[in-house]
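Some notes on the structure that comes next.
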Amino acid sequence: MPKKLELLRVLPLYLLAAVLPVSVSAGGVGVGLILLVALVLCVVDSQAKKQISLPVFRALLAFMLAYALSTVFSAPYSAHWHKWVEELWLKTLLVAVPLVVGTHYTHVVRVLKVSLFFAFLTGMYAIWQHFSGVDPVRDRSLMTEFGHNEVVGFFGHKLSYGGQLLIYLLLCLSLFITETGMKQKAFWGLGATLLMVALLWSHARSPLLGVIAGSVVLMFALRGWRRVIGFGFLPLSFLAVFSIPSLHDHFIRGLSLHRNATRLNLWESSWNAIKARPLLGFGPGNFGSMMETYEVDGFYNTRAHSHNDFLMHGVNGGLLGLVIALVLIAVVSILLWRLWKNGGQYAWVGLAGVAIQLGICTAGIFQVYQTDDEVEMLLYFVFGCALALGNSIKNNKLDQANGDSI
């Protein structure tokens, strides 16, 4: 393919990579362009479909069908097809990104590093927010009732920004531990420190738990004395964090049953709803209607979602939707693992993917990220990039084997 056409093909990837930490609206445009290019390639390039991972495609299609069934049979509740689209369209990046990358997989690492660069810039802006206490984008103060500033980056809520930081931080840490050059290692180490400071000052607890879980995966990637040092440094670093009074008090409040009344009540209400309609659930978009019947008595500061990704799948799609969602997670995780073990110079992307998957699943026990476009957009973009690398490596090995046999 001519160089100009190749650059035109992958340009939407670079566009999305740059705007992801800055604007969810511009990110939506970037995703739309990627999906459009992928659709065109399916029509004009007979070899493009070779880049799709069939297990991922089948699991994603099964998930779409499960949610479609839950929407069709949602009566007496409403059939919200627009919510069906909202729940699913970002997940198609798992297929669309490998299609757009095609055989030009050398762009993947550049794309991920471009996104990290813009994440670093946003991290600097977030740190400025911490000291200034203002969000000029939305013309508001960031001071909380406890007297500290919760940074949000360019987004509307600390959990949206915290979810992105979880992904970027684990991606950066994977680069840090796998780089061999001292200058590169120092650069990614400084970047990870910057992102960690921004995450801590967001005061978003569930993403921090996700980072801890994902960091355990990264520590197992180390060998010998480096692994021992890594596992020793991990608890020491968080002890140092908890020595800061405002952060210590904030995380101690997270252990209070009184402070978590909303989350506990939403969990119980969601479980009651799943027991009432176990097979197909209530259909996406009917959580509020479900709560009118199945909510337990108590305090609520939100009734928007289950405050748990897995319970939310159960409410939306029943046990069928939940099981297939878990299958999709498992299929993607296995392919990420294979890239980690067999990816050579690109293994760090697979390692980061496994860490991110565990991290987002851990954070998702306490928060719903499947309805958070800022987080899902980045999550499935990174996974799509990793799958594109894995598919290209697999196809290259097959081509080499076929060449040898001839």
Side-chain angles (χ1 to χ4, degrees), residues 1 5-18 20 27-28 30-64 88-115 167 171 174 327-354 356-357 360 376-400:
M1 178 181 287
L5 283 179
E6 177 187 329
L7 290 175
L8 186 63
R9 173 176 178 158
V10 299
L11 184 60
L13 299 176
Y14 285 97
L15 171 64
L16 182 57
L20 273 168
V31 173
L33 289 173
I34 289 173
L35 297 181
L36 178 61
V37 171
L39 184 62
V40 170
L41 287 169
C42 282
V43 175
V44 303
D45 186 353
S46 59
Q47 298 298 311
K49 295 175 184 177
K50 287 179 60 178
Q51 303 304 318
I52 298 175
S53 168
L54 285 179
V56 171
F57 178 76
R58 290 166 183 155
L60 181 60
L61 182 61
F63 184 77
M64 290 180 169
L88 296 167
W89 81 294
L90 294 176
K91 294 178 176 65
T92 60
L93 288 171
L94 293 171
V95 173
V97 172
L99 275 169
V100 173
V101 170
T103 58
H104 311 290
Y105 58 91
T106 53
H107 286 279
V108 168
V109 170
R110 298 173 200 161
V111 163
L112 292 175
K113 289 182 177 179
V114 164
S115 201
I167 297 168
L171 193 63
S174 181
V327 169
L328 180 60
I329 290 171
V331 168
V332 172
S333 299
I334 290 169
L335 293 175
L336 293 171
W337 179 278
R338 288 177 181 171
L339 177 60
W340 172 16
K341 295 302 179 183
N342 305 312
Q345 63 178 317
Y346 303 113
W348 70 269
V349 181
L351 170 62
V354 174
I356 290 167
Q357 186 73 280
I360 204 71
E376 271 222 322
M377 203 176 287
L378 175 60
L379 180 70
Y380 289 107
F381 180 65
V382 171
F383 286 169
C385 287
L387 292 174
L389 279 176
N391 294 339
S392 295
I393 291 169
K394 177 183 176 183
N395 290 336
N396 284 342
K397 286 181 178 178
L398 287 175
D399 292 341
Q400 290 172 7

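Taking every heavy atom of both residues into account, Leu90 and Tyr380 meet most closely at O-CB, 3.5 Å. When all heavy atoms of Val111 and Cys385 are compared, the closest pair comes out as CG1-SG, 4.4 Å. When all heavy atoms of Pro98 and Ala388 are compared, the pair lying nearest together is CA-CB, 3.7 Å. The two residues Leu41 and Val100 make their nearest non-hydrogen contact at CD1-CA, 3.9 Å. Minimum interatomic distance between Leu20 and Ser115 (heavy atoms only, all atoms of both residues): CD1-OG, 4.2 Å. Between Ala17 and Val114, the shortest heavy-atom contact is CB-CG1, 4.3 Å.
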Could you walk me through whether Phe381 and Ile167 pass the side chain to side chain contact (heavy atoms under 4.5 Å, CB included) test, one step at a time? CA-CA 11 Å; Phe381 180 65; Ile167 297 168; over 6 Å; no
The test is side chain to side chain contact (heavy atoms under 4.5 Å, CB included); show your working for Ile393 and Tyr105 and say whether it passes. CA-CA 9 Å; Ile393 291 169; Tyr105 58 91; 5.5 Å; no
Trace of the side chain to side chain contact (heavy atoms under 4.5 Å, CB included) decision for Leu7 with Leu11: CA-CA 6 Å; Leu7 290 175; Leu11 184 60; over 6 Å; no
Output, in order, the C-alpha distance, side-chain angles, deciding distance and verdict of side chain to side chain contact (heavy atoms under 4.5 Å, CB included) for Leu94 and Leu328. CA-CA 10 Å; Leu94 293 171; Leu328 180 60; 4.2 Å; yes
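Of the inter-residue distances, the one linking Leu378 atom CG with Ile356 atom CD1 reads 7.5 Å to the nearest 0.5 angstrom. Remark: Leu35 CG to Thr92 OG1 distance equals 4.0 Å, nearest 0.5 Å. To the nearest 0.5 Å, atom CG of residue Leu16 and atom CE of residue Met377 are 7.0 Å apart. Interatomic distance, CZ of Phe383 versus CG of Leu93, reported as 12.0 Å (0.5 Å rounding). Rounding to the nearest 0.5 Å gives a distance of 15.0 Å between CH2 of Trp340 and CG of Leu335. Atom OG1 of Thr106 sits about 8.5 Å away from atom NE2 of His104, to the nearest 0.5 Å.
With Ser392 contributing its side chain and Gly102 its backbone, the two residues share a donor-acceptor pair below 3.5 Å.
For the side chain to side chain donor-acceptor pair (under 3.5 Å) test, no residue two or more places apart in sequence or in another chain qualifies with Ser174.
Side-chain contact between Ile52 and Asn391 is absent, with no heavy atoms from C-beta onward closer than 4.5 Å. You'll find the side chain of Gln357 reaches within 4.5 Å of the side chain of Val332, heavy atoms only. Looking at heavy atoms from C-beta onward, Leu99 lies in side-chain contact with Cys42 at the 4.5 angstrom threshold.
Applying the ring pair (Phe, Tyr, Trp, His ring centres under 6.0 Å) definition to pairs two or more places apart or across chains, those involving residues 39-63 are Phe63-Tyr67, Phe63-His313.
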